[in-house]
Number of protein chains: 2
Amino acid sequence: MNNLKRYIESLTDLSEQGWEVLSYCLTERLFKKNEILLKEGEICNSIYFVSSGVCRSFYNQDGKEINTAFYFENEFTTNIKSLRASTRSEYIIKAHEKTRAVVIDKFKLLDAYKQSHQIETFGRMVLELIVAKQEEHSGSFKLLTPMERFNALVSQHPDFLQRVSLTQTASYLGISRETLSRFRAKKK
Amino acid sequence: MNNLKRYIESLTDLSEQGWEVLSYCLTERLFKKNEILLKEGEICNSIYFVSSGVCRSFYNQDGKEINTAFYFENEFTTNIKSLRASTRSEYIIKAHEKTRAVVIDKFKLLDAYKQSHQIETFGRMVLELIVAKQEEHSGSFKLLTPMERFNALVSQHPDFLQRVSLTQTASYLGISRETLSRFRAKKK
DNA sequence: TGAATTTTGTGATTTTTGACGCAGGTTTGT
DNA sequence: ACAAACCTGCGTCAAAAATCACAAAATTCA
């Protein structure tokens, strides 16, 4: 919980009252490795803040899992599309390691928005962070070759490969496991 | 202007007062074909609502233009990263046809947020629309083959190819001009 | 309108990446 | 501790796409 509080404070002003109002929307939860935060087909009613651990979001394409993102400590994850329109989620969010997360309840949060301008600002900020992350990843597909994409990932996230297997990383980068293996071999 | 008002009303509640407050943030502008909305290196201080026409956003990679998105009627465009952090924009937004746009001033909007909860909700909504659009395009790179990507585009946006040249479309889809030309030939 | 520029179509060639199979190593769970 | 599942590396092969080259068509603009 304190993790989240500190994190918010580093980004935007939040008074004690603001925090108190926000607190009503929050629950802390522990997820075991491979436990599911959001099922496929489920309506997403929460935003998750990863306090510790890693989560993974992925599509299930007839048995094949295609990773769309990894969320490490101090990152927010949710399915915006499902969250805002109350539609069924097309993808899954799962704990990739044992994960501690703060669950932000959507309905309580919408109420809190009405009570506090600061919280509404916080809500916008979370969205902005999600957009920025996505924009970056999305851009990398057009601007960079697969190999450059891989290099960019390791230079920005040196611990990524320590925590995420080659196979999973390949799926995230949109290339085959073998191709990634070759890049890494060549690199040295 | 009325275009925007109707569009907002179709998505969220907006009282007459709310609209009045929002109006102070708005300016209508006409852009000639190829006129620039946001320069590279410039700090983005506006959100644009395209009333008519099309805009294109792209990176300039040593002379080569790489398209990241096209914005048609009733779509919002901006550079979120630059907008929120006041950093220099890494990409360019340009009118791809003669375009009529409503310019939403960032600073006035931030003020308006404080005055009206409805406007803050509107701000969140704009962000959500931008995320959803990006998420979709981004996902298409991992989930679909280039050819499927092309087919998805024409089925979702039948008029895309009428308004955007093959070369520009290819850059948007992240494939070479020649490959796209072949896909199209094969298709029908 | 007519020249210049940009866009498009197609063929030949090369490069890149994916698919498959298999063997050895590591991790997981009971 | 042991079996099962999973991950990794390496080879060959095939498929997909990029690149190059050039001609034809369309668009722009003075």
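Just so it is clear, the model here is predicted, and its values are computed rather than measured. The chains referred to below are lettered A, B, ... by the order of the sequence lines, with proteins before strands, and numbering in each begins at 1.
Distances shorter than 4.0 Å separate some side-chain N or O of S165(B) from OP1 or OP2 on dT8(C). Taking side-chain N and O atoms only, S176(B) has a distance below 4.0 Å to OP1 or OP2 of dA18(D). OP1 or OP2 of dT7(C) has not a single side-chain nitrogen or oxygen of T167(B) nearer than 4.0 Å. OP1 and OP2 of dT8(C) both lie 4.0 Å or more from every side-chain N or O belonging to R184(B). Using a 4.0 Å cut-off, no side-chain N or O of S181(B) falls inside it from OP1 or OP2 of dT10(C).
Apart from Y24(B) itself, the hydrophobic cluster it occupies contains nothing, where clustering links Ile, Leu, Val, Met, Phe, Trp and Tyr at side-chain heavy-atom distances under 4.5 Å. Annotation for F141(B): hydrophobic cluster partners, listed by chain and number, are F141(A) (ILVMFWY side-chain heavy atoms under 4.5 Å, direct or chained).
Axis angle between the ends of the helix from dT1(C)-dA30(D) to dT30(C)-dA1(D), five pairs each and rounded to 10 degrees, works out to 70°.
Between T145(A) and V164(B), the one whose closest nucleotide on DNA chain C sits nearer the 5' end is V164(B). Sequence order on DNA chain C of the closest nucleotides to Q168(B) and I175(A) puts Q168(B) first from the 5' end.
Put simply, CG on L144(B) is 12 Å from P on dA17(D), counting in whole angstrom units. One atom, CD of Q61(A), and another, P of dG18(C), lie 14 Å apart when rounded to the nearest Å. Taking atom CE of residue M147(A) and atom P of nucleotide dT16(C), one finds them 10 Å apart after rounding to whole Å. As a whole-Å value, the separation of F183(B) CZ from dT10(C) P is 15 Å. With rounding to whole Å, L166(B) atom CG is found 13 Å from dT10(C) atom C1'. We find that CD of E97(B) is positioned 16 Å from C1' of dT28(D), with the value rounded to whole Å. Between the C1' atom of dT10(C) and the CG atom of L180(B) lies a distance of 14 Å, rounded to the nearest Å. Taking atom NE2 of H96(A) as the reference point, atom P of dT27(C) lies 14 Å away to the nearest angstrom.
Evaluation of the salt bridge (charged side-chain N to carboxylate O under 4.0 Å, His left out) test over residues 148-159 of chain B, restricted to residues two or more places apart or in two chains, returns D159(B)-R163(B). Screening residues 25-46 of chain B for ring pair (Phe, Tyr, Trp, His ring centres under 6.0 Å) gives no qualifying pairs among residues at least two apart or on separate chains.
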Which pairs would a plain distance check flag for residues 63-72 of chain B, meaning a side-chain donor or acceptor within less than 3.5 Å of a matching protein atom at least two apart in sequence or in another chain?
{"from": "E65(B)", "atom 1": "OE1", "to": "R56(B)", "atom 2": "NH1", "distance (Å)": "3.0"}
{"from": "E65(B)", "atom 1": "OE1", "to": "R56(B)", "atom 2": "NH2", "distance (Å)": "3.1"}
{"from": "N67(B)", "atom 1": "OD1", "to": "R56(B)", "atom 2": "NH1", "distance (Å)": "2.8"}
{"from": "N67(B)", "atom 1": "ND2", "to": "Q168(B)", "atom 2": "O", "distance (Å)": "2.9"}
{"from": "N67(B)", "atom 1": "ND2", "to": "Q168(B)", "atom 2": "OE1", "distance (Å)": "2.8"}
{"from": "T68(B)", "atom 1": "OG1", "to": "S57(B)", "atom 2": "O", "distance (Å)": "3.1"}
{"from": "T68(B)", "atom 1": "OG1", "to": "S57(B)", "atom 2": "OG", "distance (Å)": "2.7"}

Give every donor-acceptor pair under 3.5 Å between a side-chain atom in residues 34-50 of chain B and any protein atom, sequence neighbours left out.
{"from": "E35(B)", "atom 1": "OE1", "to": "K32(B)", "atom 2": "N", "distance (Å)": "2.7"}
{"from": "E42(B)", "atom 1": "OE1", "to": "K39(B)", "atom 2": "N", "distance (Å)": "3.1"}
{"from": "Y48(B)", "atom 1": "OH", "to": "L37(B)", "atom 2": "O", "distance (Å)": "3.1"}

For residues 115-123 of chain A, run the donor-acceptor check on the side chains, cut-off 3.5 Å, and write out each pair with its distance to 0.1 Å, sequence neighbours left out.
{"from": "S116(A)", "atom 1": "OG", "to": "Q118(A)", "atom 2": "N", "distance (Å)": "3.3"}
{"from": "S116(A)", "atom 1": "OG", "to": "I119(A)", "atom 2": "N", "distance (Å)": "3.2"}
{"from": "H117(A)", "atom 1": "ND1", "to": "E120(B)", "atom 2": "OE1", "distance (Å)": "2.7"}
{"from": "Q118(A)", "atom 1": "OE1", "to": "S15(A)", "atom 2": "N", "distance (Å)": "2.9"}
{"from": "Q118(A)", "atom 1": "OE1", "to": "S15(A)", "atom 2": "OG", "distance (Å)": "3.1"}
{"from": "E120(A)", "atom 1": "OE1", "to": "H117(B)", "atom 2": "ND1", "distance (Å)": "2.7"}
{"from": "E120(A)", "atom 1": "OE2", "to": "R124(B)", "atom 2": "NH1", "distance (Å)": "2.3"}
{"from": "T121(A)", "atom 1": "OG1", "to": "H117(A)", "atom 2": "O", "distance (Å)": "3.1"}

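No donor-acceptor distance shorter than 3.5 angstrom exists from the side chain of S181(B) to the backbone of R177(B), with no hydrogens or angles considered. At least one donor-acceptor pair closer than 3.5 Å links the side chain of N3(B) to the backbone N or O of S51(B).
Among residues two or more places apart in sequence or in another chain, the side chain to side chain donor-acceptor pair (under 3.5 Å) test is passed with K133(B) by E75(B). The side chain to side chain donor-acceptor pair (under 3.5 Å) search around T27(B) returns none, not counting sequence neighbours.
Residue E128(A) is tested with L127(B), I130(B), V131(B) for a side-chain contact (heavy atoms from CB on, under 4.5 Å); the sole match is L127(B).
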Distances under 3.5 Å between nitrogen or oxygen atoms of protein and nucleotides 20-26 of chain D:
{"from": "dC20(D)", "atom 1": "N4", "to": "E178(B)", "atom 2": "OE2", "distance (Å)": "3.1"}

Distances under 3.5 Å between nitrogen or oxygen atoms of protein and nucleotides 28-30 of chain C:
{"from": "dT28(C)", "atom 1": "OP1", "to": "K33(A)", "atom 2": "NZ", "distance (Å)": "3.1"}

